[in-house]
Amino acid sequence: MSEELLQTTPFWIGRYSYYRLGSTTLNQLKKAKIINKQSKKLSDKKPDGLITLSGGVVKAVIEYKTPDELSTKAKITEAINQELEVAKFLCKLLIVTDGTKTFWINALNGEEIKKNGKNVPFVFDAERIVSGEITVEEKIDLENLIDQAEYSLTENENNIVEPEILDPTPLAKEVW
């Protein structure tokens, strides 16, 4: 187990655990039971962060960059491609951020996610999560965004949609 992993405790975002990493390999994360999937091809990859559910189910891979590393379209594309393969293997969501701007990427196809036809406005700021500065409302918004991404994203769909709420009354009347 890596020294980093021994010193890492998860930060809670609702029911999700956020792990701030950087020098821990996927192989080490699997051995520590933080993730439940492993690929020999990707075993030496070192994600910057993960959002997981208990049992090692990864919901998002985080890639941190400096503002300069996200200053041009070419640099943004490079940052996305750096961890896209890992994200696609582990989950549906890749979050590329510098703490002031965030790119929400469908890991299944590498394209930017849209919500209501626009880029997702939520800024993922690891510093605020780690320091405890993130508000309860922001945690709820982030948790809901992750849920919606899981529900909505496919290889052909990059739009986040609200889950449809069905009224059970007609079914209940038929059964009774």
Side-chain angles (χ1 to χ4, degrees), residues 2-14 16-26 28-29 34-35 42-53 58-150 152-153 155 157-160:
S2 73
E3 287 181 29
E4 176 185 55
L5 205 49
L6 291 171
Q7 299 170 26
T8 299
T9 57
F11 297 90
W12 293 96
I13 303 167
Y16 295 115
S17 301
Y18 165 65
Y19 291 90
R20 188 173 190 175
L21 305 165
S23 61
T24 303
T25 67
L26 290 180
Q28 291 167 323
L29 291 165
I34 291 173
I35 63 173
L42 301 173
S43 65
D44 290 333
K45 290 294 235 172
K46 298 175 182 178
D48 292 335
L50 295 174
I51 295 176
T52 67
L53 277 173
V58 178
K59 293 298 179 177
V61 173
I62 319 298
E63 177 62 25
Y64 304 116
K65 293 296 179 190
T66 64
D68 183 58
E69 291 173 310
L70 296 177
S71 63
T72 67
K73 194 165 182 97
K75 288 181 179 182
I76 293 166
T77 300
E78 183 181 333
I80 290 168
N81 290 334
Q82 183 177 336
E83 290 301 325
L84 187 60
E85 189 176 12
V86 170
K88 185 175 184 175
F89 174 72
L90 292 173
C91 59
K92 293 182 178 182
L93 184 59
L94 172 63
I95 302 169
V96 178
T97 187
D98 65 7
T100 61
K101 65 178 170 269
T102 301
F103 300 92
W104 298 82
I105 306 299
N106 180 343
L108 302 175
N109 63 21
E111 295 182 25
E112 194 161 1
I113 297 168
K114 305 286 184 192
K115 185 172 184 175
N116 301 323
K118 299 177 182 169
N119 293 341
V120 176
F122 191 95
V123 175
F124 187 92
D125 185 355
E127 290 300 323
R128 294 190 66 234
I129 294 171
V130 171
S131 68
E133 292 175 27
I134 188 170
T135 66
V136 172
E137 292 81 11
E138 289 170 321
K139 282 184 180 182
I140 291 169
D141 288 346
L142 180 55
E143 183 179 18
N144 287 338
L145 186 55
I146 294 165
D147 290 342
Q148 291 168 356
E150 182 66 27
S152 305
L153 300 179
E155 286 186 16
E157 184 59 62
N158 299 318
N159 293 304
I160 289 181

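Index from 1, following the sequence.
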Beyond-backbone contact of I51 with I62, side-chain heavy atoms, under 4.5 angstrom: yes

Gap separating the CD atom of E143 from the CD1 atom of I146, nearest 0.5 angstrom: 7.5 Å

Nearest heavy atoms of T24 and P47, plus distance in Å: O-CD, 3.8 Å

side-chain hydrogen bond (donor to acceptor under 3.5 Å, both in side chains) against T97, all qualifying residues, sequence neighbours excluded: T102

Side chain to side chain contact (heavy atoms under 4.5 Å, CB included) between V96 and I76, worked out: CA-CA 8 Å; V96 178; I76 293 166; 5.9 Å; no

Separation of I35 CD1 from L29 CG (nearest 0.5 Å): 5.0 Å

Min side-chain heavy-atom separation E112-W104 under 4.5 Å: no

Pairs meeting criterion side-chain hydrogen bond (donor to acceptor under 3.5 Å, both in side chains) with involvement of residues 44-53, two or more places apart: none

Separation between CZ of F11 and CZ of R128, rounded to the nearest 0.5 Å: 14.5 Å

Whether over 12 other heavy atoms sit under 6.0 Å from Q82 CD: yes

By side-chain contact (heavy atoms from CB on, under 4.5 Å) - contacts of I140 (at least two apart): V136, N144

Can you list, pair by pair, the side-chain donor-acceptor contacts under 3.5 Å of residues 87-95, counting residues two or more places apart and other chains?
from : atom 1 : to   : atom 2 : distance (Å)
K92  : NZ     : E150 : O      : 2.9
K92  : NZ     : L153 : O      : 3.1

For the student: nearest non-hydrogen atoms of N106 and L108, plus distance: OD1-N, 2.8 Å

D125: partners by side-chain hydrogen bond (donor to acceptor under 3.5 Å, both in side chains), with sequence neighbours left out: none

Pairs meeting criterion salt bridge (charged side-chain N to carboxylate O under 4.0 Å, His left out) with involvement of residues 94-103, two or more places apart: D98-K101

Selection residues 60-73 - residue pairs positive for salt bridge (charged side-chain N to carboxylate O under 4.0 Å, His left out), sequence neighbours left out: E63-K65, D68-K75

Set of residues satisfying side-chain hydrogen bond (donor to acceptor under 3.5 Å, both in side chains) with respect to E111, sequence neighbours excluded: N158

Side-chain touch I113/I105, heavy atoms, less than 4.5 angstrom: no

Those residues that, when tested against E78, pass salt bridge (charged side-chain N to carboxylate O under 4.0 Å, His left out) (two or more places apart): none

Could you list the donor-acceptor pairs under 3.5 angstrom formed by side chains in residues 114-124, with sequence neighbours left out?
from : atom 1 : to   : atom 2 : distance (Å)
K114 : NZ     : N119 : OD1    : 2.5
K115 : NZ     : Q148 : OE1    : 3.0

Within-4.5 Å side-chain heavy-atom neighbours: S17 and W12: yes

Under the salt bridge (charged side-chain N to carboxylate O under 4.0 Å, His left out) test, residues paired with D141 that sit two or more places apart: none

N109 CG to L84 CG distance, which is reported to the nearest 0.5 Å: 8.5 Å

Residues forming a side-chain hydrogen bond (donor to acceptor under 3.5 Å, both in side chains) with E157, sequence neighbours excluded: N159

